[in-house]
S.K.: 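One structure, pasted below without further comment.
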Amino acid sequence: MSLPLLQMNAVGRTYTTGGAPLTVLTDVSLTIQCGEFVAIMGASGSGKSTLMNIIGCLDKPSNGSYSIRGVDIASLSGDELAALRRDTFGFIFQRYNLMSDLSAVENTEVPAVYRGMAKADREAHACNLLRELGLGDRLKHHPSQLSGGQQQRVSIARALMNGGPVILADEPTGALDSNGGKEVLAILEKLHRQGHTIILVTHDSDIAAYARRIVRITDGRITSDELQQKEVEGNQLQSAETGTDAKPGVAVLGEALKMALRSLVNNRMRTALTMLGIIIGVASVVALMAIGNGAKQDVLERIQTMGTDLLTIRRGAPAMHASGGIVTSFLPEDLPFISSVPGAAMVVPETELSALLRFGNEDLMVTAVGTGEDFPRVHDWSTQSGVFFSAEHVKRYAQVVVLGQTVVTNLFPDGMNPLGQYVLIGNAPFLVIGVLSSKGLSPRGDDLDNSAWLPYTTAGARIFGQRFFNHIIVRVQPGSDMSVVQAELHTLLMHRHLKEDFNIRNMADTIATANETQNTLTYLLAAIAVISLVVGGIGVMNIMLVSVTERTREIGIRMAIGARSFDVMFQFLTEAVMVCFIGGLAGVIVGLGGGLATSAIAGWRVIFTVTPIVIAFGCAFLTGIIFGYLPARKAAQLDPIEALARD
Ligand code: ADP
Ligand code: MG
């Protein structure tokens with residue numbers, strides 16, 4: 001005699017959840033051979049469903065042993081048990097347990113998904129099964145559009161999808177009217193004749209009468225076990241093409257994507273709100289980085305236009321920029337010495353102070369710059385009209401002034417030529433002899449054109465009341481080494497001042513400092529963006545936890561028909577990743593649009609680079625995986641029995 005299909009030896013089951021332990025099954029020994037039609041009969045609460053769940057490997061005995069085809073199930077892993085449920089057993093539940101989002105065909109297909117059957121094959125097979133069960137015209141209907149009897153037939157088709165050599169039917173007619181019940185029983189009889197092993201749970205002796213063998217159970221103990229009639233010889237159906245070597249990868253991925261998409265579409269509003277966090281996060285990274293980049297480039301270019309071959313000598317020790325007030329070190333007498341340093345092509349002093357400029361009835365606060373005749377050449381700054389003052393003007397303390405564009409526009413009526421006019425600075429009249437071309441903003445963002453340039457001699461004596469200079473600009477001869485000239489200047493000034501009450505900066509330093517400042521800003525922006533991504537991720541996690549709770553029953557059904565823990569986990573992870581993926585994509589688009597809009601409306605410069613876009617998108621993707629993991633794991637660790645019991 002071959003190995004029995006199912007063999008239970010003194011099986012007991014005690015529930016320990018919820019207070020005192022409750023023993024539901026005691027000492028159940030039962031052997032079922034291939035091809036039998038067994039009814040398990042007993043009153044409500046006698047432990048039939050508990051026994052059925054153990055038979056179907058949804059539950060494990062608390063004591064005793066249970067083996068299937070000679071293999072003790074205690075030795076099997078979770079995945080191996082899932083494979084048994086998938087390939088050996090076909091469950092038919094009292095309440096059908098179809099998934100309401102799926103059509104009849106799709107519901108029927110699910111067990112084959114976990115088996116790795118190709119989409120076209122499983123669809124064709126599912127349609128055939130449904131047609132055989134008389135549902136040929138209901139293939140695309142959803143459970144809510146089907147009668148109870150029809151739903152139960154769909155669930156029978158699903159049980160047969162992977163062959164279903166052993167059909168486990170727990171009160172399959174319990175929710176049906178007598179006609180529907182008869183239909184279902186007729187189908188079970190037919191399946192029995194075809195060789196399927198049928199185990200039917202019922203409390204109704206009329207229904208049990210369909211079986212060839214009736215096992216009675218009272219208070220968790222088997223009280224009788226009798227054959228009804230002579231066993232009819234069916235063509236023994238051996239375990240149908242069992243596919244323990246199946247590779248469900250692609251099919252499971254396809255199903256996960258389909259289910260994720262469906263869940264997102266079914267909960268559009270919720271999905272959109274969840275995505276919003278991710279969209280804002282990604283969009284802010286993309287837009288803010290582009291704006292930051294643009295600002296940085298602007299600053300760097302402004303520095304470049306100031307000239308890169310300049311050295312600036314400032315008052316004050318290198319570490320204390322603000323101490324200028326006390327140090328009066330640079331005087332006109334210093335200039336010839338500085339000019340004598342080899343490599344110093346041009347030298348101009350610069351002292352800048354705010355001053356009130358008046359023409360007619362108009363007043364204007366401007367930056368008055370006391371400087372030398374080489375100022376335009378040092379800064380590559382051309383005159384637009386008239387001339388810049390000369391060395392002679394400087395020497396004679398001439399009361400002449402050169403104006404910037406902003407000053408001309410604001411102080412003189414339309415079209416009036418400022419040349420030859422007198423403007424008042426303080427109380428002193430100055431003759432306008434020239435206008436400089438426009439230079440725009442300084443690296444700090446000040447308007448360079450709102451300036452008036454005066455000979456430093458006149459400015460010091462008449463307006464500033466100080467002889468010393470704020471700083472001195474040295475333009476280095478082309479081809480000379482900046483650092484050598486800088487060192488020479490340092491030596492010279494140390495020699496003259498005897499202490500380091502000055503500091504010399506070159507453009508490279510200035511650029512590096514500006515770069516640093518801008519990078520700090522950019523990192524700050526990035527940090528804000530990352531924070532909003534994390535907030536978005538928490539939103540995703542929250543909504544996924546809700547989704548798992550809502551779909552606990554679906555998870556139970558999927559596990560009962562063969563999904564492994566991994567499959568369930570994968571499905572929920574896919575959903576989280578999909579939210580973040582779509583959100584990330586939308587975020588990139590919104591970010592690009594927002595950046596462009598900013599540049600159009602505010603006139604800011606924006607520079608898009610690939611790296612932040614890729615990083616932001618990658619972060620969104622990672623967010624999905626990280627924040628989707630916990631809810632997905634929660635789903636995967638659900639106990640199928642408890643999940644199925646949930647409403
Ligand atoms: P039947 O299917 O014969 O009506 P069940 O096997 O469903 O009976 O239940 C048998 C007994 O076990 C009942 O008293 C029920 O309350 C209890 N029971 C069933 N499932 C659980 C569970 N998960 N936790 C605790 N007790 C349970
Ligand atoms: Mg029951």
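Everything numeric here is computed off the predicted structure, so don't read it as measured data. When a ligand or atom number is given, it counts from 1 through the structure's own listing order. Keep in mind that the numbers below use all heavy atoms, side chains included, and drop hydrogens, waters and symmetry copies. We number each residue from 1, following the sequence as shown.
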S.K.: Within the supplied structure, the quantity of interest is the number of heavy atoms (other residues, nucleotides, ligands) at a distance under 6.0 Å from Arg262 CZ; does it exceed 12?
M.R.: yes
S.K.: Would you call the rings of Phe617 and Phe581 parallel, tilted or perpendicular, where under 30° means parallel and over 60° means perpendicular?
M.R.: perpendicular
S.K.: Taking NZ, NE, NH1 and NH2 as the nitrogens, is one of them in Glu80 or Arg85 under 4.0 Å from a carboxylate oxygen of the other?
M.R.: no
S.K.: Below 4.0 angstrom, N of the basic side chain to O of the carboxylate: do Lys140 and Glu106 qualify?
M.R.: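 Glu106 and Lys140: not salt-bridged.
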S.K.: Verify the distance criterion only: is there a donor paired with an acceptor across the side chains of Thr23 and Thr14 at less than 3.5 Å?
M.R.: yes
S.K.: Taking any residue with a non-hydrogen atom under 4.0 angstrom from an atom of ligand 1, which ones do you get?
M.R.: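 Residue list for ligand 1: Tyr15, Thr17, Leu22, Val24, Ala43, Ser44, Gly45, Ser46, Gly47, Lys48, Ser49, Thr50.
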S.K.: What protein N/O/S atoms are there under 2.8 Å from the Mg ion (ligand 2), waters excluded?
M.R.: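 Only Ser49 OG fall inside 2.8 Å of the Mg ion (ligand 2).
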S.K.: Is any NZ, NE, NH1 or NH2 atom of the basic residue among Asp59 and Arg13 found under 4.0 Å from an Asp or Glu carboxylate oxygen of the other?
M.R.: yes
S.K.: Tell me if a side-chain donor or acceptor on Asp177 pairs with a main-chain N or O of Gly180 at a distance below 3.5 Å.
M.R.: yes
S.K.: Taking the side chain as C-beta and beyond, is there a heavy-atom pair between Ile561 and Arg158 under 4.5 Å?
M.R.: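 Ile561 reaches Arg158 side chain to side chain.
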S.K.: Describe, in one word, how the ring planes of Phe91 and Phe89 are oriented to each other, choosing from parallel (under 30°), tilted (30 to 60°) and perpendicular (over 60°).
M.R.: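 It falls in the tilted class, 30° to 60°.
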